[in-house]
Every structure is written in C-alpha cells, then in structure tokens.
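Owing to the predicted nature of the structure, the values given are computational and were not obtained by experimental measurement. Excluded from the calculations below are hydrogen atoms, water molecules and symmetry mates; all remaining heavy atoms, backbone and side chain alike, are included. Residue numbers count from 1 along this sequence.
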Amino acid sequence: MAFLIVIIAILVIALIVFVTWFAAMVAEGKCPLCALKKLAPTKLTIDIDNVPDYDNGAARTPLMGWSSWNTMRNHIDEDTIVEVARAMCSTGLADAGYKYINLDDCWQSSQRDADGKLQGDLETFPSGIKALCDRVNAMGLKLGIYASNGTLTCEDLPASLGTEELDARTFASWGIEYFKYDFCHNEAISGTTPAIEYVDISPIGQRAIIRLSPDNAKYTGKAKTVKIKDLPTGKAMGMLNHNAGTAYFDVNIPTSGKYALTVHFNKTMAFKRRYLQIVINGKVNEVFFPAGKGFTPDGRAQITVDMQSGANHIVLCNPVVTRADSSYIQYKRMGDALISASRDWAKFNHTEEKPITYSLCEWGTAKPWNWGAKVGNMWRTTHDIMANWTSITAIYKFNLRLYKHTRPGHVNDPDMLEVGNGKLTPEENKSHFTLWCMMAAPLVLGNDVRLLTEDTKKNKVLLSILTNEDMIDIDQDPLVAPAKKIGKEGSIDILARPLANGDVAICFFNKSKKKVTIEYDIDTLKDVKYLGVSRTNNAEIYDLWSAQTYHNDVIKANIQPHGVKAYRISF
C-alpha cells in the first residue's frame, strides 16, 4: 500500500509540473503541444522538398585523398604534411586519384588572430596554412581542413559555430578545397521563441521608418496575437515557437541597402537562449535572444539585413522542432558560407574558383542521409571507424542500406579507410577497400603513407590494393549508384551496383572465418530492377582483382575467410 501511495504521489507531482509548464507556455504566447514534438530528436520536420541540392560544382564522384587523424591525431605539423604529400606522389597514390591532403583537428592555434580569424598553430605551422597550401598545390595536390560545428573542436580548439562566414572566407583565401565539419561541442538551436512585441525597420543611422506590429501581421498555423500585460503595448505576436506558425508582412522600402531591424520581445522566463528567423525575400536572417536575468519584462535585439527597394516579403518564424532541424540549419549555414566565400574570393581576385568540397561529420545522429544532399557533398553515416574487423563490418552493414541517398555530388561517408592500419590481414584489407568502392564511398586513406615509400613485400601488397585501377573505376563511376545487397547465400553477402555504361559490378563478400565456394547464375541479375539489366546471354565477366576475363552464364568462385570476389559484367 505504501508503495502505491508513493507512485500516486509521484504521478500527481508530475501532473502538477506539466500543467504548470503548460500554463506558463500559453501565458508567454507559446504553443506547448508543438514543443512536445521535439521528443523525436532525429526526425527532420523542416520541409526541404523544394530546397535544391547543394551545388558548389565540386566532388561529382566520391572524394579521394588522405587524412591526418587516424594515425597522427593531434601530433601534426607542416613538415609532416609536406612529407605525406611527397609520399603520395612518389608511391603513385596521387596518380591513382588520391589528390586531397586533409588536415584534421589540431592544425589550429588555440587563439584567433587580431582580426578574429582562425590561424595555424604558431609553433607547428609557423609558415601559415596559406603557405602550406601553396606547397601542396605545387605538387598537383589539394589541401583540406577541419573545424567543428560547435563552440570548440573535438580537441577543444577554436571552432566555427557562430563564425561561419568569417571562417569560410578565411579558408577560401588560403586556397582550401575540402572542409570537414565535425560535431563536437555543438549547441543546438532552441525551438523556443519569445513573444515578439514589434519589429522596427530603420535605415542605418536613422530612426525607424516602418514598424511590424501585431496589428498589421498576417498569420499562418497557430501563430496569433496574444495579450501580455507586462509589455508596454500589452500585446505581441505569439505561437511562433517550434514551427507552430508564422507572422508575415509585405512592406515597401524606399531604397535598397542595409537596414537595422530592432526586435522588441518579451523577456519573461528567459532561462536559455531563444531563437527567431526573419526571412526577407527568401533569405534567412537569424536572431538569437540571450538567456538573461533583466529586471524589465521587455527587451530588444538588433540585426542588420539587406532589403530591396519596393516590395519586400518578411516572415517571422522558428522552424526548429527537433535536434535534426537544428543540425540541418547549422550545417546549411556553413555550406552556404563556403559557396559564397569561394565564389567571392575568385571574383574579387580574378582567379579561377576553387570550390570547397563540404563534408558533414555529424556522426549520423540526426540521420543526415535524409537531408545531407541539400546541405553538402558528403555526410558521415556513423561514429568513427576503428582499425579492426568488427568496426569495419559494422559500419559496412549500416552504411550499405543507405544506398538510395547517394547520387552525383552527394554521397554517404562510412568514414576513412583503415587499409594498412591495425592487425588487418591482407585479405581483410582487400575486402575493406572493395566494400568501400562498391558503396561509392569517399576513399580517404587513414594510414601513414610515408611508410609505403619503403620497398617491402607488405607495402607492395598494400599499394596494389589502394591503387587497383579497376576497383577505383567502380568507386568513381559517374553514375554514382552504390551497391545494393541483392542476395545472401549462407555467410556470403551478394552486392551489385549499376554502372554508367550499362555494366554491372558484383561482389561476393564472405563474412565467415572459413573458406567458402559459390556458384551464381548471372541471369538472376535480370530480376533486380535497380540494376536495369535486360539480357545476360554471352556476358563478359572481368575479375576486378585478378584482371582475368571470361564468358560464362555462371560465376564460380572460392572465397577466402573475410574475403571478397568482385567482377565487372558487360552485356
């Protein structure tokens, strides 16, 4: 009985807390039911159906290069990077297509320069990143760089959340051609929006010429005028939180140019930073309201915006419901900044543009495969890979099922290659590389390629894997249609992907620790709609690892433990 009484008491307290919260939300002009939708954090609620794919003209096929993180982590310097670049050239990796030399975390100083710009570590990169980029470019290679979509990077160094435009311009001025944007120390955008008393529009240096007030607002959804007695006017535009609705206005502006927008808002219950978008003629302008303890109920926030002469359509809204919505907005903010920065830099300096391949490293937490193509070129689908077979196969299994989300210029990223790292066997190295090629994944080396300059049997095997031209052709096929799992026989996964010229790449992956044999009837491929095969008679079968060609209706193969057999089939 005592236990039951405790449970009832807890439920009563929870109900009182909920009712109190609900009433407080309504009193502030907020929609509490809309706020409850955030309980599904990985669901994107923002409508992106009419948002065009991210188009910076870069990386139409999966990126190929090298990254410093897996083997060097926080111990990098400009001399080491130059050594790596030279090794990429001398080993033939650069000729095979590996063109990007990507600095991961710890390239930067812990302090920005006098102008607020990121700068290379003053000890380990004394020549500066621009000079390093020039040296790498002189070898026919490209330099990539790293930051985090947070207040700090994963190694607690300066990051780019809130300084996207400045950092993007800095990267463009250095000649950077790849950017990895991590997710450490991220601070999500709040779906909470204060009630907006009014918004004044002022030419810079003048008093307000237009006031956007509840009296002339037009509303959508649940948004409406609410009464708040503590505000000077006694009313405000409410229910703008968590995508509940919008307030919009059509105004005439006398001349084009910069204008100050002063947002007067309700400061009540400002326990955390709140958010509003002011969308002017389709361009998003963001307003962040600070958490505060001010004694007065009304406050103001200012931003400067561009407005055009004549008619201007202005929308007040907050589309953030879930954590996924926040990630989408933040990653898109940086993506847009990168496009503008590279184009503006080229235009201003009368040089050829260097588009920056944009890599979202959000770890798959907000299902970026559902929105990544609207934001960038590639997106991590999982947490970090490790140099062991369990990690590699787990990532393979997860990433494989996302094949529908990849297309030219926009690819799933199952993370860097661990070929040559850890205790992987030669067969496992070959399988790892093959599976990444079949999935149309970026081929970013994570090993110390300087070691491959030594003439050893092990290095020859590793280089023969990494420079296999036939497998690279599969990965780089311009159709960019990743492999789909089309069957399973015992421990063998059967993968296939269509190729641009009508061929099909097929792979048999033995997940077991025992050698297995398979016989596969090629005619079965006609049953897989994804492959677009209409006939199979007299097919030419090309073994992508032995480079042998033959004609048959059946593929017969013995597959080593943790091994693969991969073929290109021409009809």
Side chain to side chain donor-acceptor pair (under 3.5 Å), that's the test. Do Ser391 and Asn388 meet it? Break it down for me. CA-CA 6 Å; Ser391 174; Asn388 62 68; 4.7 Å; no
Here the pair of heavy atoms bringing Leu462 nearest to Asn429 is CD2-ND2, 3.7 Å
Qualifying residue for side chain to side chain contact (heavy atoms under 4.5 Å, CB included) with Trp107, from Ile129, Asp121, Asn74, Leu157: Ile129
So, for Ala346 and Glu352, which heavy atoms are closest and what is the spacing to 0.1 Å? CB-C, 4.0 Å
Check whether the side chains of Ser491 and Asn510 place a donor and an acceptor atom closer than 3.5 Å, and report yes or no. yes
On the 0 to 90° scale, with breaks at 30° and 60°, tag the Phe179-Phe171 ring pair as parallel, tilted or perpendicular. tilted
Using the six-membered ring of Trp545, assess whether NZ or CZ of Lys430 lies under 6.0 Å from its centre and within 45 degrees of the ring axis. yes
Cation-pi between Arg401 and Phe398: NZ/CZ under 6.0 Å from ring centre and within 45° of the ring axis? yes
Would Gln330 and Ile189 satisfy side-chain contact (heavy atoms from CB on, under 4.5 Å), going step by step from the backbone distance to the final call? CA-CA 8 Å; Gln330 290 173 331; Ile189 299 172; 3.6 Å; yes
For the residue pair Asp156 and His185, confirm or rule out a side-chain donor-acceptor distance under 3.5 Å. yes
Which pair of heavy atoms, one from Pro319 and one from Ile329, lies closest together, and at what distance? CG-CD1, 4.0 Å
Residue pair Asp415, Arg380: steps toward the salt bridge (Lys or Arg N to Asp or Glu O under 4.0 Å) verdict: CA-CA 6 Å; Asp415 205 3; Arg380 277 277 296 281; 3.4 Å; yes
Qualifying salt bridge (charged side-chain N to carboxylate O under 4.0 Å, His left out) pairs with a residue from residues 478-491, counting only residues at least two apart or across chains: Lys485-Asp493, Lys488-Asp493
Atom NZ of Lys458: over 12 foreign heavy atoms under 6.0 Å: no
In terms of side-chain geometry, is the basic nitrogen of Asp344 or Arg169 positioned less than 4.0 Å from the acidic oxygen of its partner? no
Donor-acceptor pair between Thr163 and Arg112 side chains, under 3.5 angstrom: yes
Go through the side-chain N and O atoms of Asp182 and Asn149 and say whether any donor and acceptor fall under 3.5 Å apart. no
Is the Trp369 ring parallel, tilted or perpendicular to the His405 ring (thresholds 30°, 60°)? tilted
Would you kindly say whether Lys404 and Asn412 are connected by a side-chain donor-acceptor distance under 3.5 Å? no
Hydrogens and angles aside, do Thr170 and Asp167 bring a side-chain donor and acceptor to less than 3.5 Å of each other? no
Residue pairs meeting ring-ring contact (aromatic ring centres under 6.0 Å, His included), one or both in residues 452-487, sequence neighbours left out, come to none
State which residues pass ring pair (Phe, Tyr, Trp, His ring centres under 6.0 Å) with Tyr54; sequence neighbours excluded, sorted by chain then number. Tyr358
Show your reasoning for whether side chain to side chain donor-acceptor pair (under 3.5 Å) applies to His562 and Glu427. CA-CA 7 Å; His562 294 175; Glu427 197 66 32; over 6 Å; no
Residue pair Thr357, Asn377: steps toward the side chain to side chain donor-acceptor pair (under 3.5 Å) verdict: CA-CA 6 Å; Thr357 298; Asn377 299 113; 4.7 Å; no
How about Tyr550 and Asp543: does a side-chain donor come under 3.5 Å of a side-chain acceptor? no
Test ring pair (Phe, Tyr, Trp, His ring centres under 6.0 Å) applied to Phe183 and Trp379, Tyr146, Trp363, the passing residue: Trp363
Of all pairs that satisfy salt bridge (charged side-chain N to carboxylate O under 4.0 Å, His left out), the ones with a partner from residues 57-85, not counting sequence neighbours: Glu83-Arg450
To check you understand the geometry: which heavy-atom pair defines the closest contact between Arg568 and Ile474, and what is its length? NH1-CD1, 3.9 Å
Is the Phe508-Tyr520 ring centre distance short of 6.0 angstrom? yes
The side chain to side chain donor-acceptor pair (under 3.5 Å) partners of Lys332 (sequence neighbours excluded) come to Asp336
Looking at Lys43 and Asp325, is there a salt bridge between them, counting it only when a charged N and a carboxylate O are closer than 4.0 Å? no
Between Glu353 and Ser342 the two heavy atoms that sit nearest each other are OE2-OG, 3.0 Å
Tyr396 and Phe509: CA distance, side-chain angles, deciding distance, ring pair (Phe, Tyr, Trp, His ring centres under 6.0 Å) verdict: CA-CA 11 Å; Tyr396 149 77; Phe509 172 38; 5.2 Å; yes
Which residue pairs pass the salt bridge (charged side-chain N to carboxylate O under 4.0 Å, His left out) test when at least one of the two sits in residues 99-109, sequence neighbours left out? Asp104-Lys180
